[in-house]
There are 2 protein chains.
Amino acid sequence: MSKRTTGPEIERLIQLLAKLPGLGPRSARRAALHLIKNRERLLEPLSAAIAEARDKVTVCSECGNVDTVDPCTLCTDPRRDRSILCVVEEVGDLWALERAGAWNGLYHVLGGTLSAIEGVRPEDLAISGLLERAGTGSVKEVVLALNATVEGQTTAHYITERLKGLGVSASRLAHGVPVGGELDYLDEGTLTQAMRARRPL
Amino acid sequence: MSKRTTGPEIERLIQLLAKLPGLGPRSARRAALHLIKNRERLLEPLSAAIAEARDKVTVCSECGNVDTVDPCTLCTDPRRDRSILCVVEEVGDLWALERAGAWNGLYHVLGGTLSAIEGVRPEDLAISGLLERAGTGSVKEVVLALNATVEGQTTAHYITERLKGLGVSASRLAHGVPVGGELDYLDEGTLTQAMRARRPL
């Protein structure tokens, strides 16, 4: 769009919206127009919500979750089991497990995975904090809920080695057929793992 | 996501982002996390840009474009031909024509199309304003750049009828093969129109 079409303020808004994951230059323009056309229903509430997020949101110094309080709501929830820790790569993974209601212990967000290619070393991730939390004596089990990718599994292996001697047991998520998944569309690795871990009915 | 996972401020941000075209609930969560993780590079600038859009953006009372001044930058540009008017459905269409550099006259945004099913009548669109502008004597030609849909063409037909007697000529965009388009993938209607309107080489 040429600079003459509309004001530089709208151009700037479009450019920033285009940086959001899932929005490209074209959909960012549509989103900006949608915002402008829905001033009261969307533009003003979103302006307030983003300003509030900017002012209030922080990263939990215990687990790495994002929240408006530190320690976060999960870390201070008395109903959660403080003796079990679930290690995830990113906050989005934590949210996914919470949506599923799959975990009632505490979390630890690594902030990524080890990667020789991208130069991510153990000290670039929240691994020393994890070892500290796991070594206090109050933690019994650490579940490594990392992605089933090469990087995720390399990181899980590294952490498992580092946890040895701390008196905690390490585990990983089960592999298998996704619920609702069709065998015909599954890769051979998953099928092999699902067969090996078959359960009696 | 359960309410316990994160603060209500982040939930609210996710809900509002999910209302943007192109973002669903899942991508809105990713976008919110991306914003929070890139505070200085993205969250703060976007907060400022949205607040500025909220405070400054207005709709041009002449043509319906959105801008920070009224009349808009296009309507007051002395280099543009004020004797030709291009009628579009939405502001996004105006932006598309400007990006293409396809038009050097003025615009008129209808704000939609006539639709019996959705109950959109002529008085719901900016048609009376268009007839007023077209009837001042300074306009020679009105190009109806409406979508090639049933609604767009019905609206174009209605406007053409209303323009009769005002001493302006009406035209529409040419139909044909899109530049870069493959014949094999085009519908029969487009191919027929492209063949009928064939040009000598």
Side-chain angles (χ1 to χ4, degrees), chain A residues 1-10 12-13 15-17 19-24 27-39 41-54 56-57 59 65-69 72-74 77 79 90-92 94-96 98-99 101, chain B residues 1-10 12-13 15-17 19-24 27-39 41-54 56-57 59 65-69 72-74 77 79 90-92 94-96 98-99 101:
Chain A
M1 181 164 33
S2 81
K3 282 215 177 109
R4 305 177 287 123
T5 316
T6 188
E9 293 84 357
I10 301 173
R12 175 116 184 93
L13 176 60
Q15 278 166 17
L16 287 165
L17 285 172
K19 290 185 184 170
L20 292 178
L23 289 183
S27 48
R29 265 196 303 273
R30 263 201 299 270
L33 259 183
H34 190 72
L35 278 172
I36 291 164
K37 285 167 76 176
N38 296 279
R39 168 179 284 272
R41 193 174 68 81
L42 198 51
L43 179 59
E44 294 183 357
L46 186 63
S47 176
I50 285 189
E52 197 152 79
R54 183 197 57 196
K56 294 191 182 171
V57 170
V59 172
N65 187 18
V66 294
D67 201 339
T68 46
V69 286
C72 74
T73 322
L74 297 181
D77 186 340
R79 289 163 302 181
E90 300 288 354
V91 175
L94 184 165
W95 289 3
E98 281 298 300
R99 278 200 304 282
Chain B
M1 179 163 37
S2 81
K3 285 217 175 105
R4 302 177 289 124
T5 316
T6 187
E9 294 84 357
I10 301 173
R12 175 117 185 92
L13 176 61
Q15 278 166 18
L16 288 165
L17 286 172
K19 290 186 183 169
L20 292 178
L23 288 182
S27 47
R29 265 195 302 272
R30 262 200 300 269
L33 259 182
H34 190 73
L35 279 172
I36 291 164
K37 284 166 77 177
N38 296 279
R39 165 179 287 271
R41 195 175 65 83
L42 198 51
L43 180 59
E44 293 183 358
L46 186 63
S47 177
I50 285 190
E52 196 153 78
R54 182 196 58 196
K56 293 192 182 169
V57 170
V59 172
N65 186 17
V66 293
D67 202 337
T68 46
V69 285
C72 75
T73 322
L74 297 181
D77 187 340
R79 288 163 301 181
E90 301 287 355
V91 174
L94 184 165
W95 289 3
E98 281 298 302
R99 277 200 304 282

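Per chain, numbering begins at 1; letters A, B, ... match sequence-line order.
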- Turns out that what part of Gln15(B) lies under 4.5 Å from chain A's heavy atoms comes down to neither
- Message: I'd like to know which of Gly24(A), Ser47(A), Gly101(A) tops the heavy-atom pair count under 4.5 Å against chain B.
- Response: Ser47(A)
- Going from CG on Leu23(A) to CG on Leu23(B), what distance comes out if it is rounded to the nearest 0.5 angstrom? 4.0 Å
- For the atom pair CZ (Arg41(B)) and NZ (Lys19(A)), what is the distance rounded to the nearest 0.5 Å? 5.5 Å
- Message: Just so I know, are the side chains of Leu46(B) and Leu13(A) near enough to count as touching, which here means a heavy-atom distance under 4.5 Å?
- Response: yes
- Hey, are Glu44(A) and Arg54(B) close enough for a salt bridge, meaning a charged N less than 4.0 Å from a carboxylate O? no
- Segment of Leu43(B) engaging chain A (4.5 angstrom heavy-atom cut-off): both
- Salt bridge flag under 4.0 Å for residues Glu52(B) and Arg12(A): no
- Query: What is the minimum heavy-atom distance between Thr68(A) and Glu9(B), and which atoms define it?
  - Reply: CG2-OE1, 3.2 Å
- Is any side-chain heavy atom of Arg29(A) less than 4.5 Å from a side-chain heavy atom of Arg99(B)? yes
- Can you name the closest pair of heavy atoms from Arg39(A) and Ala53(B) and give their distance? NH2-O, 3.7 Å
- Task: Start with the C-alpha distance between Ile50(B) and Leu16(A), add both sets of side-chain angles, then the distance that settles side chain to side chain contact (heavy atoms under 4.5 Å, CB included), and finish with yes or no.
- Result: CA-CA 10 Å; Ile50(B) 285 190; Leu16(A) 287 165; over 6 Å; no
- Message: If I take atom OG from residue Ser27(B) and atom CG from residue Leu20(A), how far apart are they, to the nearest 0.5 angstrom?
- Response: 10.0 Å
- Highest number of heavy-atom pairs under 4.5 Å with chain A: which of Gly22(B), Ala51(B), Pro45(B)? Pro45(B)
